[in-house]
Chemist: 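One structure follows; several queries about it will come next.
Fair warning: this is a prediction, and the values are worked out from it, not measured in the lab.
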Amino acid sequence: MLSRDRLISLIDAYGGDLQRWPAAERELAGQCLDNYPELLAELKNAQTLDSWLSDSQTPAFAGLEARLLAQPLPPRRPGILERVGHWLMAVTSAGATQWWRPAALACIPLMLGLYVGLQLNMDNDTNTWLTTDEELYWMALGEIAEETP
């Protein structure tokens, strides 16, 4: 047994001709339409629409395919890798390649490595560094040592 909503969706999807409907639901739909008499009007409207569509003529567009195929394609926009490659290997008006660009690009990891290396504390012995309190203590002792003869 098909529900009313399912029958409406079948009418909307496949039209008023039951022969166009899926075979599994075709027989059930014929029986269910007797249970829902208000759907017979929907089916009649779909049959009218089907007849209008089958009677309509599509206009002939003479030479449409040839015109479409003769149209030039829009210019292709290069991708990001292609643009970076053209920037790296730019050629001047004199024909010389600007070699400084790839060299500058190659220096970026070197500079990054130097920066990270300088930020790291390479001294693993933390006892050699004095805290502020220890420095003040030693400074005070130094003044006392200078005062005693």
Chemist: Check side chain to side chain contact (heavy atoms under 4.5 Å, CB included) between S56 and all other residues, then give those that pass, not counting sequence neighbours.
Modeler: none
Chemist: According to side-chain hydrogen bond (donor to acceptor under 3.5 Å, both in side chains), who are the partners of E38, at least two apart in sequence or on a separate chain?
Modeler: R4
Chemist: What distance do W52 atom CH2 and T48 atom OG1 have between them, rounded to the nearest 0.5 Å?
Modeler: 6.5 Å
Chemist: List in chain and number order the residues that pass side chain to side chain contact (heavy atoms under 4.5 Å, CB included) with E135, two or more places apart in sequence or in another chain; answer none if no residue qualifies.
Modeler: L130
Chemist: What donor-acceptor contacts under 3.5 angstrom involve side-chain atoms of residues 6-21, with partners at least two apart or in another chain?
Modeler:
unit_1, atom_1, unit_2, atom_2, d
R6, NE, E25, OE2, 3.2
R6, NH2, E25, OE1, 2.8
R6, NH2, E25, OE2, 2.8
S9, OG, D5, O, 3.4
S9, OG, R6, O, 2.8
D17, OD1, Q19, N, 3.3
R20, NH1, D50, OD2, 3.4
W21, NE1, G15, O, 3.0

Chemist: Which Ile, Leu, Val, Met, Phe, Trp or Tyr residues join F61 in one cluster when any pair of side-chain heavy atoms under 4.5 Å counts as a link?
Modeler: L64, L68
Chemist: Take atom CD of E134 as the centre, draw a 6.0 Å sphere, and report whether it contains more than 12 heavy atoms from other residues, nucleotides or ligands.
Modeler: yes
Chemist: So how far is it from L105 CG to W100 CH2, rounded to the nearest 0.5 Å?
Modeler: 10.5 Å
Chemist: Got a list of side-chain donor-acceptor pairs under 3.5 Å for residues 73-81, not counting sequence neighbours?
Modeler:
unit_1, atom_1, unit_2, atom_2, d
R76, NH2, E82, OE1, 3.4
R76, NH2, E82, OE2, 3.3

